[in-house]
There are 4 protein chains.
Amino acid sequence: MNKKREIASSVKDESLIEKRREQMIRGAVTLFKEKGFHRTTTREIAKAAGFSIGTLYEYIRTKEDVLYLVCDSIYDEVHTRLDRLDIEQGSINVLVTAIEHYYTLIDDMQDEFVVMYQESKSLPKDALSYVLNKEIEMVALFERLLTQCVDNGEIKMTPKEVVMASHHLFVQGQMWAFRRWALRDFTIQEFIDMQTKFLLQGMAGENISIQGA
Amino acid sequence: MNKKREIASSVKDESLIEKRREQMIRGAVTLFKEKGFHRTTTREIAKAAGFSIGTLYEYIRTKEDVLYLVCDSIYDEVHTRLDRLDIEQGSINVLVTAIEHYYTLIDDMQDEFVVMYQESKSLPKDALSYVLNKEIEMVALFERLLTQCVDNGEIKMTPKEVVMASHHLFVQGQMWAFRRWALRDFTIQEFIDMQTKFLLQGMAGENISIQGA
Amino acid sequence: MNKKREIASSVKDESLIEKRREQMIRGAVTLFKEKGFHRTTTREIAKAAGFSIGTLYEYIRTKEDVLYLVCDSIYDEVHTRLDRLDIEQGSINVLVTAIEHYYTLIDDMQDEFVVMYQESKSLPKDALSYVLNKEIEMVALFERLLTQCVDNGEIKMTPKEVVMASHHLFVQGQMWAFRRWALRDFTIQEFIDMQTKFLLQGMAGENISIQGA
Amino acid sequence: MNKKREIASSVKDESLIEKRREQMIRGAVTLFKEKGFHRTTTREIAKAAGFSIGTLYEYIRTKEDVLYLVCDSIYDEVHTRLDRLDIEQGSINVLVTAIEHYYTLIDDMQDEFVVMYQESKSLPKDALSYVLNKEIEMVALFERLLTQCVDNGEIKMTPKEVVMASHHLFVQGQMWAFRRWALRDFTIQEFIDMQTKFLLQGMAGENISIQGA
DNA sequence: TATGAATGAGCTTTCATTCAT
DNA sequence: GATGAATGAAAGCTCATTCAT
């Protein structure tokens, strides 16, 4: 369900398509980051990619396709980087590794993530649901790892807390991408450490009574 | 510094201005939420507000003004609701109350917050910095409360952890606004409780060794 | 033929109409001079006149009416000032006086003349032809005076030269209004003297002694 | 000083730019003459030029650019036609030729000149000063020729008279463009002859005393 | 009479997309 | 395959004019 959308191209040569689209994505990310999707013109994208507007349209059908290609390429990278973890049995160690890989990935592709989160709402319905689905997959990865930790007794959490914590981890990733201006005193490693510690402390502790008790 | 921007209007009657702008904001939020700022036309805003395009422009100068009015009205509400806390001396109780008020506020104005966070980048430079400043003020409120808890010994945290936790609280608010679709199984009260518990546990625990140690 | 156009007003009190229109004309001339008819808004005219846009429209029907009122008031002044000459029998002396009066008038009402000549093409057909007719009357006055000078032997000119010279005199008046920036080294009296001398020399052809000498 | 303004075009082919702009100018002059710059819409200009509104804006940036192109092309023609005279040593013969060429030029491009003089005030500041400068150059040409005639004894004139006469010649050119409706009984040759004769007579004569002397 | 809020036709300009070369 | 000139729908905004108060 929600398979990768094929972006039509009138060019036949597959390797050329890939090359051109890569140029396109690189240029587009910079522009989208700077001015947003709507304020960026297709001409600008073509220019930044190094070819003419006519050529641009040989490799896409609509401007939104460019945005989709950007989002899609991000998730290709996510998969490349996190696929190993996908098969491993969950444990605290695997979880910690997953968090580290995920946040490092976001750090490496900060611009791309910002663009994706900022602009994905401009995608056409089906492309949007494809991207959203990728997001859900990510959250589900954390959910699975956490659940397995609960199952093997390493962590104590209600199922609802697992859901919440997964979203939490995911959203903290967005935070790193979006709010780096506010977190410029932190290195990515510090950030990872703190997030990890935070999570594990939050989960491990005896129930602490709140509100005066 | 960064004073409220006056949006010029060619109408003189102040109370009428307020009334019309309220209509405008209400209509605009719905539309911006639905289609985003750029895909919404000024004519649609006028129509949703219940008056003509000409009348719309009697109360604003540019389309961006509408977005600013939306953001500004949100922060007016924020201030109305959180101003009491601003003067209180920090303590765990006050902090917990602040979290509750803040997340309840976001819950009440979900659409408005989503729009603000999604679209504020489309504001003109000075308006954007005004809005960003409001955001910083919010984070600073949490920071102050946390620091005072640290000072009075209720909480153990390094200054860096205080900064991180403040951003964390802030971003979790965004999460509630943005990801309600993913959290539809949670009530706002559950959400508040979990976030609060999470935070306090994370802060209170003895240092727990991570990574196998 | 081409009678004064009545500008409709919904106000009854004639003296009030006159008062308001005078305010209007004074304000409008300044604005039209500065920004031209098209770039001036009716609101600006109302404001410059010292009353509201609603009141403005109690005294005129369209924006073009304002322009007409300006042009009309100029020719009222022209008539007031030159009517005496209209009845006198032509002679070199009368001609010289006419030139002097005419150029002095233009000097006194420089702004008004500039506006009229620059903007009169924006008048509606009938108003335009009324104003053009006034212009023709002016030229005709010079023509009559010249012709009578020819008839009484004071000047030697072919009928065609009379026509040309009349237009010449008229156009030199425009020049004084329009090109004062280029003629800032000249006083109006110098200008009058030179124009007069120029004309009379030009007409004298064979050395004809003027003024009896 | 006051160099030709480059009007930006997004089209690269220079010869195409020239061709399209020529179409544009031709169409615009007709329309501006008929209805004035402000009453003419850009769509009408495009249509008159024979292409779409989108294409129009491939060759200009703003509506005012069209007006500038009109003015500029007039002065290109002026230069083409009068440049020879620019280098010649002044003499009565050269002066007479200059007058003839100048008035003939105006006769050939009557519409263009009318438009330029009527509408140039709608140009943006820098374009206006460029055009005004061209005008000053024209007057200066006459001034130089006259001064040289004075220097070589062919003509007797004070420096002030030279200035005035130069403006006079220039303004008479405007007259021929603007008031042809009033001068329809004259051919351009008659006009030239009369103006020339007028000027030379005015200048050549013994000083004739005016007003009583 | 005076006011000024309301209206909407109409303007300039942009830009995604096409297609002949 | 690559190019870029051409297109026109659609957007933001203005302003002359009206009319209820």
Side-chain angles (χ1 to χ4, degrees), chain A residues 9-13 16-17 20 38-47 50-66, chain B residues 9-13 16-17 19-20 38-46 50-66, chain C residues 9-13 16-17 20 38-47 50-66, chain D residues 9-13 16-17 19-20 38-46 50-66:
Chain A
S9 164
S10 45
V11 175
K12 297 283 140 65
D13 183 338
L16 192 53
I17 292 181
R20 292 277 180 261
H38 280 102
R39 293 205 195 290
T40 301
T41 68
T42 51
R43 279 172 147 90
E44 287 171 322
I45 297 170
K47 193 175 177 187
F51 37 71
S52 72
I53 181 67
T55 301
L56 182 75
Y57 274 88
E58 294 290 313
Y59 295 92
I60 54 160
R61 277 230 195 297
T62 72
K63 187 185 171 189
E64 286 152 347
D65 283 350
V66 180
Chain B
S9 166
S10 42
V11 172
K12 291 171 180 174
D13 183 337
L16 192 54
I17 292 179
K19 183 180 154 199
R20 292 281 179 260
H38 281 102
R39 290 207 195 292
T40 302
T41 69
T42 51
R43 285 185 146 79
E44 287 172 323
I45 297 171
F51 36 70
S52 72
I53 182 67
T55 299
L56 181 75
Y57 276 91
E58 292 284 308
Y59 295 92
I60 53 161
R61 274 229 199 299
T62 71
K63 188 185 171 189
E64 285 156 346
D65 282 350
V66 180
Chain C
S9 164
S10 44
V11 173
K12 298 284 140 64
D13 183 337
L16 191 55
I17 294 181
R20 293 276 180 263
H38 281 102
R39 291 205 196 291
T40 302
T41 68
T42 50
R43 280 172 146 89
E44 289 172 321
I45 297 170
K47 194 175 175 188
F51 37 72
S52 72
I53 182 67
T55 301
L56 182 75
Y57 274 87
E58 294 290 315
Y59 295 93
I60 54 160
R61 276 230 196 299
T62 73
K63 188 185 171 189
E64 285 153 345
D65 282 351
V66 180
Chain D
S9 165
S10 42
V11 171
K12 292 169 180 175
D13 183 336
L16 191 54
I17 292 180
K19 183 180 154 198
R20 293 280 180 261
H38 282 103
R39 291 208 195 290
T40 302
T41 70
T42 50
R43 284 192 144 72
E44 289 171 323
I45 296 170
F51 35 70
S52 71
I53 182 67
T55 299
L56 180 74
Y57 276 90
E58 292 285 307
Y59 295 92
I60 52 161
R61 273 229 202 299
T62 70
K63 188 184 170 189
E64 286 157 345
D65 282 350
V66 180

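So you know, we letter chains A, B, ... as the sequences are listed, proteins then strands, and number each from 1.
Note that the CD1 atom of Ile53(D) and the OG1 atom of Thr55(D) stand 9.0 Å from one another [nearest 0.5 Å]. Taken to the nearest 0.5 Å, the NE2 atom of His38(B) stands 6.0 Å off from the NZ atom of Lys63(B). Here OG1 of Thr42(B) is found 6.5 Å from CG of Leu56(B). Values are rounded to the nearest 0.5 Å. For the atom pair CZ (Arg43(A)) and OG (Ser52(A)), the distance works out to 10.5 Å, reported to the nearest 0.5 Å.
Atom pair Glu58(D):CD and dG8(F):C1' shows a separation of 12 Å (rounding to whole Å applied). Between Arg39(D) atom CZ and dT14(F) atom P the separation is 20 Å, expressed in whole Å. Per the geometry, OH belonging to Tyr59(A) stands 12 Å off C1' belonging to dT3(F), to the nearest Å. As rounded to whole Å, 15 Å separates atom P of dA2(E) from atom NZ of Lys12(B). Here the P atom of nucleotide dT3(F) and the CZ atom of Phe51(A) are 9 Å apart, to the nearest Å. Rounded to an integer number of Å, the gap from CD1 of Ile60(D) to C1' of dT14(E) is 13 Å. Rounded to an integer number of Å, the gap from CD1 of Ile45(B) to P of dA11(F) is 12 Å. Put simply, CG on Leu56(D) is 16 Å from P on dC15(E), counting in whole angstrom units.
Minimum atom distance to the side chain of Thr42(D) is reached by dT12(E), of the listed dA6(F), dT12(E), dA5(E). Each of dG1(F), dT17(F), dT3(E) was ranked by its minimum atom distance to the side chain of Leu16(A); first place goes to dG1(F). Of the listed nucleotides (dA2(F), dT12(E), dC13(F)), dT12(E) has the atom at the smallest distance from the side chain of Lys63(D). With distances taken from any side-chain atom of Arg20(A) to the nucleotides dT1(E), dA2(F), dT3(E), the minimum falls on dA2(F). Of the candidate nucleotides dG8(E), dA2(F), dC15(F), dG8(E) has the atom lying nearest to any side-chain atom of Ile53(B). Looking at the side chain of Arg43(B), the nearest of the listed nucleotides dT12(E), dA9(E), dT18(E) is dA9(E).
The side chain of Ser52(A) places no N or O atom within less than 4.0 Å of a non-bridging phosphate oxygen (OP1 or OP2) of dA2(F).
Nucleotide dA20(F) has dT3(E) as its partner under the Watson-Crick or G-U criteria, with both atom distances under 3.5 Å.
Here Thr41(B) lies in heavy-atom contact (under 4.0 Å) with sugar-phosphate atoms only. In this structure, Ser10(C) reaches neither bases nor backbone, as no heavy-atom distance under 4.0 Å exists between it and the strands shown. At a threshold of 4.0 angstrom between heavy atoms, the contacts of Ser9(C) with the nucleic acid are absent.
Mapping Arg61(D) and Thr62(A) onto DNA chain E by nearest heavy atom places Arg61(D) closer to the 5' end of the strand. Taking for each of Gly50(D) and Gly54(B) the nucleotide of DNA chain F with the nearest heavy atom, the 5'-most of the two is the partner of Gly50(D). Annotation: of the two residues near DNA chain E, Asp13(C) and Tyr57(A), the 5′-most nearest-nucleotide partner is Asp13(C).
In this structure, Ser9(C) contributes its side chain and Glu58(C) its backbone to a donor-acceptor pair below 3.5 Å.
Aromatic ring orientation, Phe51(A) versus Tyr59(A): tilted (interplanar angle from 30° to 60°).
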